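One structure is given below, represented as structure tokens, and several questions about it will come after.
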Amino acid sequence: MCLAVPAKIIECNGFMATVDISGVTRQVSLMLLPEAVVGDYVLIHAGFAIQSIDEEEALRTLELFKELEQYASNS
Amino acid sequence: MCLAVPAKIIECNGFMATVDISGVTRQVSLMLLPEAVVGDYVLIHAGFAIQSIDEEEALRTLELFKELEQYASNS
Amino acid sequence: MRLTAEQTAGAAAFFTATITRLATRPVRIMEVCGSHTVAIFRNGIRQLLPPTVELVSGPGCPVCVTPNEYLDTAIAYSRCPDTVIVTFGDMLKVPGSASSLQAEKSRGADIRIVYSPLDSLTIARENPDKHVIFLAVGFETTAPTAAATVLEAKQQRLKNFFVLSAHKLVPPALRTLLSASETKVDGFLLPGHTVTISGFEPYRFVAEEYQVPAVVTGFEALDILQGVSLLMEQIAAGKAELLNQYRRVAKPEGNPAALRILQEVYSPASAAWRGFGVIEGSGLKLKPEYGEYDAQTALPLPEIVTNEPVGCRCGEVLRGNIIPEACPHFGRNCTPEQPVGACMVSVEGACAAWYKYGQGRWNYA
Amino acid sequence: MRLTAEQTAGAAAFFTATITRLATRPVRIMEVCGSHTVAIFRNGIRQLLPPTVELVSGPGCPVCVTPNEYLDTAIAYSRCPDTVIVTFGDMLKVPGSASSLQAEKSRGADIRIVYSPLDSLTIARENPDKHVIFLAVGFETTAPTAAATVLEAKQQRLKNFFVLSAHKLVPPALRTLLSASETKVDGFLLPGHTVTISGFEPYRFVAEEYQVPAVVTGFEALDILQGVSLLMEQIAAGKAELLNQYRRVAKPEGNPAALRILQEVYSPASAAWRGFGVIEGSGLKLKPEYGEYDAQTALPLPEIVTNEPVGCRCGEVLRGNIIPEACPHFGRNCTPEQPVGACMVSVEGACAAWYKYGQGRWNYA
Amino acid sequence: MHKMPEQILLGHGSGGRLSQDLIKNIMLPAFQNQALAEMHDGARLTINGTKLAFTTDSYVVKPRFFPGGNIGKLAVCGTVNDLAVCGAQPLYLSAGFILEEGLSMAEFRQIVASMAEMAAAAGVEIVTGDTKVVEKGAVDGIYINTAGVGAMLPGVQIAANRVKPGQDIIVSGFLGDHAIAVMSERHGLTLPAQIVSDCAPLNKLIQKLLTEVPEIAMLRDPTRGGLATTLNEIAVDAGVGVMLDENLIPVRPEVQAVCALLGFDSLYLANEGKVIVFVEKELSEKVLTIMHQTETAGAACVVGTVTEKMSGQVVLKTKIGGLRLLDMLSGEQLPRIC
Amino acid sequence: MHKMPEQILLGHGSGGRLSQDLIKNIMLPAFQNQALAEMHDGARLTINGTKLAFTTDSYVVKPRFFPGGNIGKLAVCGTVNDLAVCGAQPLYLSAGFILEEGLSMAEFRQIVASMAEMAAAAGVEIVTGDTKVVEKGAVDGIYINTAGVGAMLPGVQIAANRVKPGQDIIVSGFLGDHAIAVMSERHGLTLPAQIVSDCAPLNKLIQKLLTEVPEIAMLRDPTRGGLATTLNEIAVDAGVGVMLDENLIPVRPEVQAVCALLGFDSLYLANEGKVIVFVEKELSEKVLTIMHQTETAGAACVVGTVTEKMSGQVVLKTKIGGLRLLDMLSGEQLPRIC
Ligand code: SF4
Ligand code: SF4
Ligand SMILES: [Mg+2]
Ligand SMILES: [Mg+2]
Ligand SMILES: [Mg+2]
Ligand SMILES: [Mg+2]
Ligand SMILES: [Mg+2]
Ligand SMILES: [Mg+2]
Ligand SMILES: [Mg+2]
Ligand SMILES: [Mg+2]
Ligand SMILES: [Mg+2]
Ligand SMILES: [Mg+2]
């Protein structure tokens, strides 16, 4: 019910930030995530950063999924 | 400096009148020619009847011109 | 009931023959009115006259004699937000100091072309949130239609209708012309349609004070030939009278109802004419009672900077002192597509008529 | 650093195998969130699950649960002069009682589609003479962005920006669902992005009070498969816990800064949900201090007449009681081109997703 | 050549001198090729030995319904006629629609129906098309482009350089009806019911003419810019003069009346169902006889002749026997009071 | 068939289902003829024994300048490509301009220059044209229509009915670049410099393909409505099913990112320099080899196959091995937050 995409903050300017999503950049507001800093991964929704992304957790999930390659069958 | 064309009043409705110019009709104002009545020939300028046309004089001019047909040469 | 082609040709031949017969010395006849200028060109009348009879255009194109300041003011209004400029098509292309209404329109200004000033009231009613400014330009013939429109606006209690007035009266300009030493005119074709409103009185001084023959003339080709013929007869006889060729329409008393309405709304004022400067009593301004309809009173603008085109000789053309061809710009960097002066823009402008109908560009030999 | 095709396929196969292994009896799992519904369809997840595992859509499409009255109000505003309606694209095609914003736009209403509520402030600044009304629709995730926009409007002293608010909170709707006798749900995929704002607390009652397992879940195909798998494990073990599959984003405390801003601007209120009726404490209304930004306070409208579409079973669909195919209109006189109910319009609507992705229209055999 | 304005003006679409400027200063230098440089109503091409004509026009008429037709009828007739005056048999048309969101479907159907009807009347097929819909306000209701392909009639050679002094100039009927029908309502004028746009496909008439009088030197349909502009173009292209007789030019009194009221010149008014024919004097009668047998050209007549003098210019002999230049249209005509 | 709405909607120009409705309910019944009924990218015609293709498109893109091109470039490439996918050698184009009063002359020159450049690149000539200027506000800056005529390549037969189960489906490169380049700015998104519209003439590539692999069954350029809509059209016309593999479909990460942000589906995004090829499996390699030698099709790949099952439908095998219908576009895609 709420499309949101991960993005990386590449520039901060007061309450506005430039974020990068796979090379595409946009201005977003940091009003809802004031402590975010350059280099953070954040979740973007409707032009706002709404949450920071925990990189360690993200990696952990990815690693778990990777380990399951062995289950690949020609489905 | 003031394009104006002769027209015939075919209907009056208060200060507005319908005039006929060679079959084309338009609404014009009679504010500047309040005494005009249906059947009158009037001069139209910028949506107003601005003068009545003296039919006798018009005919007289026409008759004069007609008489000069004899002068037609192959110019 | 019209004339046949033969009847028309016959009458034309008769008048041409008369004029030619009487043209024993060079004469200059001024057609005061721009509509006459156009009718003369459109009918090819110049080609029919002997070379000794010169027709020169006068100050009778209202668009041409309107100075840049007026246009610049109209343009400044057109740039105001929520403003609709209503104008006759005539004014659209005329250049002001640095722009034209046409250029403003192409940049998004809301400029509407109407056939009747009354149409501006419809626009005002349909756009209650906008200021609707009618560009009131024209001579005696047109001024009463604007005056009647103001009365009608009052009647309809419209609060968003305004007039930017530059109406002018022809006789004071003729007097200015006649009192100038360089003016050389042997006879006047007087503008039949202004006389239709004003009557003869304002024009009598031409014949009576200045001893120049004058004929109130209609706008058909034969009217004009007859008018010229009547002038030639006076010139030949050494007379100077005010005659009426246009009896079917022009009456000595003019249109009293129209004059009453004109006087109800407007009072005479001095006015600036392109080529003439300020002429006292030659303009019309809205009376104080109608100040709420006067754009310049009700919607004051910051002062505007205005200047006249460099090198343009419209003034001399309008005074009948030079023919358009004598202007170095004519047909070179001044054409209807890229005009320098107003006289090249207005359909009734002398330069435009000369250019369009080939005078100086074309020689049928 | 992404997964290879093989890694993705492997993980999917693992989760599918796990789910299938645990699917020893029929279970109904509700994906509360419309984004989950779409993700499930787009990734073809239904085809991979055993027939005993039924996925049903819940009330998590904000467009779908917004009742006609709200749309009719928005439409009424769009018909007011000098009014700009600003909306997310989602709302454009949704039918109200007798029209839609799209239809109004095609008739000339000034309706602008934005990606961010902040864009409405730019529009308000650029149109100082117009009322700019933002249609604030959405759940916990979106409501803080509207609240922040109101604060920003205040900061910028904008006097022509207004919000027509229909924000809603998900947990009260889940409570209503769970307390209804006809509801049969064995587990919930909880909406990862609302939890991102609200934190876990508001959702704990699902597992703790109603003993239904729940997993906060992300939106990638593998997230969803893992979420379902985590539910199946709980169901098999007879447990009912609130688990978090979406650890990288969803945190127990949510987003405190966003919640502060939300509470600064909004206070809880009862709200009408399509299919649920009025649910206490499920809505958000602007606090009196921000009344000047509340369209309905600042720009009152005459009362509007509203009615719900006849025969549409959106309500039952939204409560998870029927699948879209069970609606007699589905795919017949209700299609995305000619929708009867909101659920066929919203991209995340259950009926739209079923239709678009072929469920009930298509059988790959 | 004077300097071009920095912005597009309405006059650039008027068919008059500004239009010519745009073509000569921008289009021809950019697209330089033989077919375009001929500046005919359409391009004449040869593909694998087959001689074709190819043309396009966009239709933006306002109002889109007017006495005697609508924008759809115009879009088919205009392109059919441009092919026909190239000396081709019109065969296939394309139709490109640009529609404003919110256009009434009923109106659109009516416009499409008119197109189908005119295509049938002209014996052409609309074989390919495109529809774009733009946001409310991004276009004024509906604009239509049609392009057309035709097969050149064998043995026919319509070309400006075949126009020679001594030839007669024939127009196929009353001038200005289309323009007046379209504009009158806008200015509060009511026309009698019989004054309607002349919009009609001319290809059958023209094919008959070219079959029976293959000697015809030149054809042109006097659309935007009217008779005056069209003749000026031909005079320049052919390096000849044109002498018209005002007494011979057929204009209805109603059209004259509207012109008098608004300050227009009927010789610059657009026509959508008229053709101008240049032919040797001896063949004029034959051409007129064929024309008079048809409904669309019943009022056809000779209006002037080609002269050696005044090369590149058009001269009008007026009713009183005067002569004057008849120039190209400069900018559009606007209603005026002086 | 459901009832048509009473007004034209934006979706009627989207290339999706509403566009199809308009064609099937209004155009085909009105204009009924064989060439149109084929509903290909252009009409195939025979005039005096010469086989031709004829097509038209109007271009209304906004903004008119975008990364990688402008409306003029698009207007030439789009029509060239439509001819090419008919199996024709594009030869001649018409250009119909509708200009808004006040358009900057410099911009117009630039657009015309792009058209000339693309025409030269494609080896076609712009041989006939038309320019209309409408009042400020009556059109949004500039719209261009181009129509095109081409000569059918001998021995080539591009037709839906030649699409058969077992054939491979090849796309010539990354999808969605054009749509993203055009729309990103509107939504405050900045693309890296290398992401530009793919707008390019494909006729030389296609001519090479058809010369070397005349067995190619079908070609289509996936413009409005994107890959999904184009394949749906072909599946219906050919009476076959289509099975796509999501893992094989080339979409740039930047394009995916914009889609994720705005809630778009890349498979519905417009392309302006891509072609879809249907060819027997054994010939896929040959087609790909030719494509890979070119700049415009360097990323070409097989994305799926034609199936007997699911006639008239397109099915996508997803990254996790699921299957789902890939329907036609219904209405335009709008940026959304849910
Ligand atoms: S030709 Fe042009 S510059 Fe010369 S007087 Fe006339 S308008 Fe002025
Ligand atoms: S299919 Fe249509 S009518 Fe039925 S529930 Fe869904 S939206 Fe309502
Ligand atoms: Mg053409
Ligand atoms: Mg044409
Ligand atoms: Mg198309
Ligand atoms: Mg419009
Ligand atoms: Mg033509
Ligand atoms: Mg096409
Ligand atoms: Mg195309
Ligand atoms: Mg044209
Ligand atoms: Mg615009
Ligand atoms: Mg195509």
Side-chain angles (χ1 to χ4, degrees), chain D residues 2-3 5 8-9 11-13 15-16 33-35 41-48 60-63 88-93 102-103 105-107 113-116 119 137-139 141-142 145 221-222 225 332-333 335-338 346-348 352 355-359 361-365, chain F residues 1-12 16-18 20-21 183 186-189 228 241 243 245-248 253 256 258 260-265 267-268 307 309-310 312-338:
Chain D
R2 292 162 178 272
L3 297 179
T8 305
F15 291 125
T16 313
C33 175
S35 297
F41 277 111
R42 281 190 63 166
N43 289 292
I45 289 179
R46 271 163 207 275
Q47 275 69 33
L48 298 177
C61 160
V63 173
F88 299 127
D90 314 58
M91 296 297 289
L92 201 71
K93 299 178 193 167
Q102 170 174 267
K105 180 166 173 287
S106 79
R107 288 189 202 105
I113 296 162
V114 295
Y115 164 67
S116 170
D119 300 339
V137 171
F139 293 124
T141 323
T142 312
T145 69
L222 293 178
L225 283 175
R332 277 175 282 272
N333 56 331
T335 64
E337 287 79 26
Q338 287 260 305
S346 171
V347 173
E348 301 205 337
Y355 188 85
K356 174 169 181 192
Y357 296 105
Q359 209 69 22
R361 289 210 282 156
W362 159 74
N363 220 326
Y364 181 70
Chain F
M1 180 98 327
H2 54 262
K3 148 170 157 292
M4 293 196 76
E6 278 165 35
Q7 293 182 311
I8 293 288
L9 303 176
L10 282 175
H12 284 117
R17 185 167 287 120
L18 286 174
Q20 297 279 322
D21 283 359
M183 81 174 63
R186 209 181 303 159
H187 299 297
L189 302 170
M243 170 72 89
D245 186 337
E246 193 175 20
N247 276 317
L248 301 179
Q256 293 288 33
V258 174
L261 265 164
L262 301 180
F264 289 170
D265 188 332
L267 302 183
Y268 295 98
T307 65
K309 288 196 279 194
M310 308 167 302
Q313 293 188 320
V314 181
V315 173
L316 182 75
K317 184 173 172 193
T318 69
K319 292 193 169 141
I320 58 163
L323 294 175
R324 56 115 158 164
L325 188 70
L326 182 62
D327 202 4
M328 254 191 190
L329 181 62
S330 154
E332 4 63 285
Q333 298 198 84
L334 298 172
R336 60 192 177 91
I337 54 118
C338 78

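This one's a predicted model, so the numbers in the text were calculated from it and none came from an experiment. Every chain is numbered from 1 and lettered A, B, ... according to where its sequence line falls, protein lines coming before strand lines.
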Quiz prompt | Heavy-atom check, side chain of F:L316 versus side chain of D:R42, under 4.5 Å | solution =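 The answer is no, as the side chains (C-beta and beyond) never meet within the 4.5 Å cut-off.
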
Quiz item: Which one, F:G263, F:G11, F:P335, leads in non-hydrogen pairs under 4.5 Å with chain D?
Solution: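 Ranked by heavy-atom pairs under 4.5 Å with chain D, first place is F:P335.
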
Quiz prompt | Non-hydrogen atoms of F:L325 and D:Y355 that approach each other most closely | solution =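 Reported closest heavy-atom pair: CD2-O, 4.5 Å.
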
Self-check item: Nearest heavy-atom neighbours spanning D:A12 and F:I320
Solution: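 Shortest heavy-atom separation between D:A12 and F:I320 comes out as CB-CB, 3.6 Å.
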
Quiz prompt | Which atom of F:Q7 lies closest to which atom of D:S106, heavy atoms considered | solution =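 The pair with the smallest heavy-atom distance is OE1-OG, 3.3 Å.
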
Exercise. Please state whether the side chain, the backbone, both or neither of D:N333 comes within less than 4.5 Å of a heavy atom of chain F.
Key: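 No part of it gets close to chain F.
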
Quiz prompt | Engaged part of D:Y115 at the chain F interface, taking heavy atoms whose separation is under 4.5 Å | solution =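 Both backbone and side chain.
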
Self-check item: From CA spacing to verdict: side-chain contact (heavy atoms from CB on, under 4.5 Å), F:L334, D:D90
Solution: CA-CA 7 Å; F:L334 298 172; D:D90 314 58; over 6 Å; no

Self-check item: Distance-minimising heavy-atom pair for F:K319 and D:T8
Solution: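 Heavy atoms only, the tightest pair is O-CG2, 3.9 Å.
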
Quiz item: Looking at F:R324 and D:F41, what are the two nearest heavy atoms and their distance?
Solution: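 Taking every non-hydrogen atom into account, CB-O, 3.5 Å.
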
Quiz item: Can any side-chain N or O of F:R336 pair as donor or acceptor with the backbone N or O of D:G89 at less than 3.5 Å?
Solution: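 Such a contact is absent between F:R336 side chain and D:G89 backbone.
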
Quiz item: Which atom pair, heavy atoms only, marks the closest approach of D:L48 to F:G321?
Solution: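 Result for this residue pair: CD2-O, 3.6 Å.
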
Exercise. With a 4.5 Å cut-off on heavy-atom pairs, point out which of F:S330, F:G188, F:G16 contacts chain D the most.
Key: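 So the answer, after comparing F:S330, F:G188, F:G16, is F:S330.
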
Quiz item: Yes or no on side-chain contact (heavy atoms from CB on, under 4.5 Å) for F:L18 and D:E337, after CA distance, side-chain angles and deciding distance?
Solution: CA-CA 7 Å; F:L18 286 174; D:E337 287 79 26; 3.9 Å; yes

Practice problem: Side chain from CB out, backbone as N, CA, C, O: work out which of these in F:L326 comes under 4.5 Å of a heavy atom of chain D, or both, or neither. | Solution: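 Looking at F:L326, nothing touches chain D.
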
Practice problem: Please report the C-alpha distance between D:Q47 and F:T318 in whole Å, then the side-chain angles of each, then the deciding distance to 0.1 Å, and finally whether the side-chain contact (heavy atoms from CB on, under 4.5 Å) criterion is met. | Solution: CA-CA 11 Å; D:Q47 275 69 33; F:T318 69; over 6 Å; no

Quiz item: Who among D:K93, D:Q102, D:R46 has the most heavy-atom pairs with chain F under 4.5 Å?
Solution: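 Most pairs with chain F among the choices: D:K93.
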
